[in-house]
Peer 1: 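Provided herewith is a single structure, encoded as structure tokens, for subsequent inquiry.
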Amino acid sequence: MAVAQNEAQQAFTARMLERNITPLWTVGKQLVKREPEPRIPSVYWNYQRDVRPFILEAADLITAAEAHRRVLVLNNPALKHGATHTMTCAIQAIKGGEIAPAHRHSQAALRFIIEGEGAYTAVNGERIYMHPGDFIVTPAWTWHDHGKETDGVMIWLDGLDVPLVNHLGATFSDDYDGEGAFPQSRPPHDSFSRYGSGLLPLEPVTQRASPMFAYPYERTRTALENLRKANDWDACHGLKLKFANPATGDWVMPTIATFAQLLPKGFKTAQYRSTEATVVMTAEGRGKATVGDRTYTLGKNDIFVVPNWTWWQLEADDDLVLLSYSDRAVLEKLDLWREQRANEPRR
Ligand code: GTQ
Ligand code: FE2
């Protein structure tokens with residue numbers, strides 16, 4: 001706690017105020033807290049009720065070319081931009097015949113695909129056709145555009161490290177001069193063929209982000225389903241895997257950690273918290289999430305935020321599959337990642 005000030009000490013403090021100097025003993029533990037105090041609440045969006053009607057309305061109201069990106073940003077009520085203090089979460093839609101023009105930025109992006117078929121994201125000229133449940137990577141500073149040649153609308157979730165990169169003062173972006181798409185430079189799904197089959201090119205991979213841009217849901221789902229047979233459930237996570245860079249085994253992006261998780265029907269996790277702030281989307285199934293003092297009912301494509309250092313717990317009413325992303329990848333690099341499990345003594 002702050003030390004009580006006598007008159008002389010108060011006058012001393014006041015004289016320094018205009019020089020932007022503060023004695024540490026007057027602010028006490030405000031500067032160095034005993035443990036993290038999350039600055040954001042948890043928040044939840046019901047996909048069918050809160051999100052889908054608006055993104056479909058946006059699809060009628062504005063073209064992808066006009067909007068540049070037809071994106072609705074899901075904000076934490078405590079923040080101007082961002083679902084957490086480090087990550088954004090947004091919903092994007094593209095319609096048949098549209099192109100969302102090519103650009104690049106120092107922020108990294110991921111997509112969790114929600115509904116529709118036939119749209120692609122192109123990363124550095126390589127088209128990746130998207131399917132519901134897929135996890136698609138747009139590493140920082142890669143040229144990317146989206147397009148759809150077939151009729152109908154396609155919708156997905158975007159996760160970017162915008163608040164983190166802004167906070168660090170490292171934001172850059174560029175529009176591609178050619179207007180529209182970046183030239184196709186490789187066959188569709190080229191990165192998957194080279195890096196996604198347990199095979200690797202002979203030349204070493206030099207970039208830090210994953211050279212593979214697509215993690216198809218079918219593979220994710222099969223991996224989780226096969227693990228179920230091992231009956232090796234984690235009390236806090238059920239069955240949880242991280243998406244990995246196939247060349248290094250590290251996180252897919254230097255700043256964003258991404259996960260897939262299966263909880264079998266009836267499973268209830270032990271409470272858990274960590275220093276990472278997480279955004280979670282239901283890919284499949286039904287359940288409940290309790291985050292701090294709030295409980296959410298989860299259906300397909302519902303989204304919720306778990307603030308840093310906040311106890312959370314999951315319950316599966318049906319086999320429940322969750323996709324999630326967090327700032328753990330950057331916290332680990334800074335030796336700032338910690339976790340606590342309610343079912344174990346504190347470490
Ligand atoms: O699709 O490239 O939600 O650049 C925010 C910024 C999506 C994108 C967002 C972006 C994109
Ligand atoms: Fe972008």
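In each ligand, atom 1 is the first atom listed, and ligand 1 is the first ligand listed. These figures come from a predicted structure and were not determined experimentally.
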Peer 1: Looking at ligand 1, is there an atom of it that comes within less than 4.0 Å of some heavy atom belonging to H103?
Peer 2: yes
Peer 1: Under 4.0 Å from a heavy atom of A90: which atoms of ligand 1 are those, numbered in the order shown and with their elements?
Peer 2: 3 (O)
Peer 1: Run the salt-bridge test on R221 and E218 with the 4.0 Å N-O cut-off and return the result as yes or no.
Peer 2: no
Peer 1: In terms of residue, atom name and distance, what is the protein heavy atom nearest to atom 7 (C) of ligand 1?
Peer 2: D158 OD2, 3.2 Å
Peer 1: Please identify which of these residues, R228, R286, K265, meets the salt bridge (Lys or Arg N to Asp or Glu O under 4.0 Å) condition with D319.
Peer 2: R228
Peer 1: Could you check whether the rings of H146 and H144 sit parallel, tilted or perpendicular, using 30° and 60° as the cut-offs?
Peer 2: tilted
Peer 1: Quick check on contacts: which atoms of ligand 1 are under 4.0 angstrom from a heavy atom of V71?
Peer 2: 3 (O)
Peer 1: Is the ring pair H68/H103 parallel, tilted or perpendicular, if the boundaries are 30 and 60 degrees?
Peer 2: tilted
Peer 1: What protein heavy atom lies closest to atom 8 (C) of ligand 1? Include the residue and the distance to one decimal.
Peer 2: R69 NE, 2.9 Å
Peer 1: List every atom of ligand 1 that sits less than 4.0 Å from any heavy atom of R111, numbering the atoms from 1 in the order shown and giving each element.
Peer 2: 1 (O), 2 (O), 7 (C), 8 (C)
Peer 1: Let me check something: do W233 and V321 share a hydrophobic cluster, defined by ILVMFWY side-chain heavy atoms less than 4.5 Å apart, either directly or through other members?
Peer 2: yes
Peer 1: Is the ring pair F135/F243 parallel, tilted or perpendicular, if the boundaries are 30 and 60 degrees?
Peer 2: tilted
Peer 1: Taking the side chain as every heavy atom from C-beta outward, state whether Y44 and R294 have any pair of such atoms under 4.5 Å apart.
Peer 2: no
Peer 1: Kindly report the NE2-the Fe ion (ligand 2)-NE2 angle for H144 and H103 respectively, rounded to 10°.
Peer 2: 90°
Peer 1: Among all the protein's non-hydrogen atoms, which is closest to atom 10 (C) of ligand 1, and how far away is it?
Peer 2: H105 NE2, 4.0 Å
Peer 1: Give the numbers and elements of all ligand 1 atoms closer than 4.0 Å to a heavy atom of H146.
Peer 2: 1 (O), 2 (O), 8 (C)
Peer 1: Just let me know how Q107 lines up against ligand 1, side chain, backbone, both or neither, with a heavy-atom cut-off below 4.0 Å.
Peer 2: neither
Peer 1: Any idea which protein heavy atom is nearest atom 5 (C) of ligand 1, and the distance to it?
Peer 2: L160 CD1, 3.8 Å
Peer 1: Would I155 end up clustered with I136 when hydrophobic side chains under 4.5 Å apart are linked, directly or stepwise?
Peer 2: no
